[in-house]
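Presented below is the structure to which this report refers.
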Amino acid sequence: MFPTGLPSPNPPPPTQEARPAASDVNTDSSSITNSKKRKINRSEREDIDSISSSPKTHNSSSSSTSQQIQKKLRFEDSVDFIGLDVKMAEESSSASCSSNKTKTVFLAGVVGHHANGLTKTAGSTTFSSSKPGAAKKLVIKNFKEKPKLPENYTHETWQKLKEAVEAIQNSTSIKYNLEELYQAVENLCSHKISARLYKQLRVVCEDHIKAQIDQFREYPFLTLFLKKIDNCWQDHCRQMIMIRSIFLFLDRTYIYQDSFEQRFLEETNRLYAAEGQRLMQEREVPDYLHHVNKRLEEEADRVITYLDQKYKGLAFQKPMSLNHLLDENRIQDLCLLYQLFSRVRGGVLVLLQHWIEYIKAFGSTIVINPEKDKTMVQELLDFKDKVDHIIDICFIKNEKFVNAMKEAFETFINKRPNKPAELIAKHVDSKLRAGNKEATDEELEKMLDKIMIIFRFIYGKDVFEAFYKKDLAKRLLVGKSASVDAEKSMLSKLKHECGAAFTSKLEGMFKDMELSKDIMVQFKQCQNIPGNIELTVNILTMGYWPTYIPMEVHLPAEMVRLQEIFKTFYLGKHSGRKLQWQSTLGHCVLKAEFKEGKKELQVSLFQTLVLLMFNEGEEFTLEEIKLATGIEDGELRRTLQSLACGKARVIHKVPKSKDVEDGDKFSCNDDFKHKLFRIKINQIQMKETVEEQASTTERVYQDRQYQIDAAIVRIMKMRKTLSHNLLVSEVYNQLKFPVKPADLKKRIESLIDRDYMERDKENPNQYNYVA
């Protein structure tokens, strides 16, 4: 559009000066204000004398000067106005007081601005009252609604601009003020008419150039032809400089980005990529680094000279992006990059800082996004493997990069409290559960080691323990553990990482399972068990295991009799203990006869109670089964759904549907067929609800309160007297989980209320231990 290779034009004289671009308004306003202030300082005495002699005349001139300055203000911003008018008002005030004349008011309450058919008016303009000599503040409010262009404004404005362009091209005078024309272009661009305006301007310029070309056919002589071409080119350059000063806002906001910027960056990228590849082969590393530094300095100067300031440094962003290399895992390029930075003083520290920022940014995208909860742990493991590989291969196992990586992981993984700890526990459960055929024992061991590395970074390890204990209990009681050796290996890793106190309850769960086996051996040796039912009981210490809500159900008489026999046996050996049966954890193996033959059904206790009813009758309704078994309604519906709607449908449901509804009828499926002899019918597992997760988290919170209380009492018992800040500091040193200061303060107040400690009567910020 405009001739290339020319310097940026200077703005026209003040009488026909085009307004600067929007990004320069504040700077220009400030410079005008400062120049006016300097002018007053030079002629301060003359101004005061003129005010004293003719206040009316001075009021008029001050008002006009104020309007000139106010034209430069941006109406959407609040402006600290300490320019010409305020200073003159202060000096006039002092001069008037000395001559006992009336004080003159210089500034109006409303500021208006008119430019080419558009009127911008500030809603209210007021000065804050202050003492004489202090700076006055002009507050200009925003528009309540976005200004709209008047009707036919676009067409009329373009006609004015077209006339101005043609006048410049024909070297005639312009009928309109250049500032007015500049403001008109800005108004059109601000209302998204840039593309249309650019096309119209381009047509006018192209038509003019085509008309100029025709005249060259009249000069057959080469010398005259070249002179004419040169004169025409010089005229064209001057004309385009003048046109650009009018359309400067369009040039900077539309033409620059659309026609120049993208191509410039692409060519710059291509140039330095090719040059870099060539010089890396031709030069030694020191020479190459010096050349790179020289190019960087040249590019910085080039950006300042030819590009808009907001694009400063943009040309080097893509070629020099470390994130780009890390995202694509470009090992060779990263190796070369580390070698180059290692040979520059301070280069490794710069690379280290970008390394930390990358890990934090990338890791945060994994942890913070709830949509990635299902894959969070696996993505963290993959990311950890990736950065470890880069450190080993590219950064030559530099200890600084290793430590920086650990700190970065610890930072981003704890941005979302508790959730990573919960998901890590569930991920371990999925790997240790029976049926996991993804890995061999050796691969499983390596996987657990990697999980433990991630586990080290989390703060809420007690949250991990709560969820891990709940899942471990399911694996042990239902027999779903893939490997006892793997379970004990994981327990050993946790003990080594967190200490014996952390794993004491988990170890107690394993001891209970082993003791229960010994007890059952003794029970079967000492007791004559009636009937053909084989009973197995697991004795669980309540302090070790998760809390289970007991559910009273109606057991068959044979089961009740066996329970009483075992209770008598156990209490005879362990007096003073109390047994509480947990029916929700029971499971059975039933022998069933179908038309196809005999089968064994491995089912839960609730499924057993339902199936045994069909020995007494052919068909039962939902309400009848509920009354006979005593199973809670929701649990009963899930139980019937597993028996009648699952893969192994040992009973029929009428009507057929996926869900169990009121009034449904159930009957035994005598035609049941299955290729296996022993069939496991899984209970329909209710997904862990938000309430259950909140309940587990709440138990963790309660345990934390007890630990905080114990830590405070230990410290106060040893120190006897301690200030608040020192107490808080020592508590933080003892605790292994994060605590908010507000929660810690509540625990201190609770201990004061319970007379474990008291505030000092003379110094309320100090505490005394109460023996």
Side-chain angles (χ1 to χ4, degrees), residues 269 272-297 299 313 316-367 377-415 420 442-443 445-458 493 496-497:
N269 185 15
Y272 289 122
E275 185 180 72
Q277 291 294 331
R278 176 174 57 81
L279 293 179
M280 280 190 291
Q281 302 297 328
E282 298 175 357
R283 300 191 179 187
E284 296 294 332
V285 171
D287 294 337
Y288 177 77
L289 290 177
H290 285 299
H291 180 79
V292 170
N293 184 62
K294 179 183 175 183
R295 281 298 196 189
L296 287 171
E297 292 176 353
E299 192 65 27
F316 270 95
Q317 283 183 4
K318 186 174 180 181
M320 299 297 290
S321 174
L322 175 62
N323 292 359
H324 181 67
L325 299 179
L326 291 170
D327 287 337
E328 296 186 359
N329 204 27
R330 293 166 59 175
I331 300 299
Q332 292 183 349
D333 293 336
L334 287 170
C335 290
L336 178 60
L337 183 68
Y338 180 77
Q339 293 171 10
L340 292 175
F341 273 81
S342 299
R343 288 165 172 79
V344 179
R345 182 177 298 176
V348 173
L349 295 179
V350 174
L351 185 61
L352 181 65
Q353 185 60 37
H354 284 281
W355 170 250
I356 295 172
E357 292 173 359
Y358 172 79
I359 293 177
K360 289 181 180 179
F362 190 90
S364 296
T365 61
I366 300 175
V367 173
V377 179
Q378 189 58 51
E379 288 189 34
L380 287 175
L381 293 172
D382 295 340
F383 184 48
K384 181 64 170 54
D385 289 341
K386 175 182 174 179
V387 296
D388 285 344
H389 182 67
I390 292 174
I391 290 175
D392 292 343
I393 305 300
C394 303
F395 300 154
I396 321 177
K397 299 181 181 180
N398 189 318
E399 195 67 26
K400 292 182 179 179
F401 284 82
V402 175
N403 295 333
M405 178 270 294
K406 293 179 180 178
E407 293 176 3
F409 261 82
E410 187 174 343
T411 299
F412 78 73
I413 205 170
N414 291 290
K415 283 186 176 181
E442 293 79 9
E443 292 173 340
E445 187 70 17
K446 291 180 180 179
M447 191 179 303
L448 294 178
D449 288 334
K450 292 181 179 180
I451 293 174
M452 287 304 302
I453 294 175
I454 302 296
F455 171 76
R456 291 190 185 104
F457 298 133
I458 62 175
K493 297 179 193 297
H496 181 267
E497 182 67 30

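Residue indices begin at 1 and follow the sequence shown.
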Distance col, row Asn329:CG vs Ile390:CD1, nearest 0.5 angstrom, shows 5.0 Å
For Phe409, the ring pair (Phe, Tyr, Trp, His ring centres under 6.0 Å) test, sequence neighbours excluded, returns Phe383, Phe412, Phe457
Go through it in stages, so that I can follow the logic: the residues are Ile391 and Trp355, the test is side-chain contact (heavy atoms from CB on, under 4.5 Å), and I'd like the CA-CA distance, side-chain angles, deciding distance and then a yes or no.
CA-CA 10 Å; Ile391 290 175; Trp355 170 250; 3.7 Å; yes
Inset, instruction - In plain terms, say whether Lys384 and Asp388 are close enough for a salt bridge, that is, a side-chain N and a carboxylate O under 4.0 Å apart. - result: yes
Do Phe341 and Leu352 have side chains that get closer than 4.5 Å, going by heavy atoms? no
Sequence neighbours excluded, the answer for side chain to side chain donor-acceptor pair (under 3.5 Å) partners of Gln332 is none
| Do the side chains of Phe362 and Asn323 get nearer than 4.5 Å, heavy atoms only? | no
query: So, are Lys493 and Glu445 salt-bridged, with charged N and O less than 4.0 Å apart?
result: yes
So CG of Leu448 and CZ of Phe455: to nearest 0.5 Å the spacing works out to 12.5 Å
So NZ of Lys450 and CD1 of Ile453: to nearest 0.5 Å the spacing works out to 8.5 Å
Closest non-hydrogen contact found for Leu380 with Ile454 is O-CD1, 4.1 Å
| task | Taking the side chain as every heavy atom from C-beta outward, state whether Met452 and His496 have any atom pair closer than 4.5 Å. | result | no
**Asked** Tell me, do Glu410 and Lys406 make a side-chain contact under 4.5 Å, heavy atoms counted?
**Response** no
Could you tell me if the side chain of Val367 sits less than 4.5 Å from the side chain of Asn414, heavy atoms only? no
Report task. Starting from the C-alpha separation in whole Å, work towards a yes-or-no answer on side-chain contact (heavy atoms from CB on, under 4.5 Å) for Asp333 and Leu337. Result -> CA-CA 6 Å; Asp333 293 336; Leu337 183 68; over 6 Å; no
Using a 3.5 Å cut-off and no angle test, enumerate the donor-acceptor pairs between side-chain atoms of residues 393-404 and protein atoms at least two apart in sequence or in another chain.
{"from": "Asn398", "atom 1": "OD1", "to": "Lys400", "atom 2": "N", "distance (Å)": "2.9"}
{"from": "Asn398", "atom 1": "ND2", "to": "Tyr338", "atom 2": "OH", "distance (Å)": "3.0"}
{"from": "Asn403", "atom 1": "ND2", "to": "Glu399", "atom 2": "O", "distance (Å)": "3.3"}

For Ile356 and Ala408 the tightest heavy-atom approach is O-CB, 4.1 Å
Check whether any side-chain heavy atom of Val350 lies under 4.5 Å from a side-chain heavy atom of His354, and answer yes or no.
yes
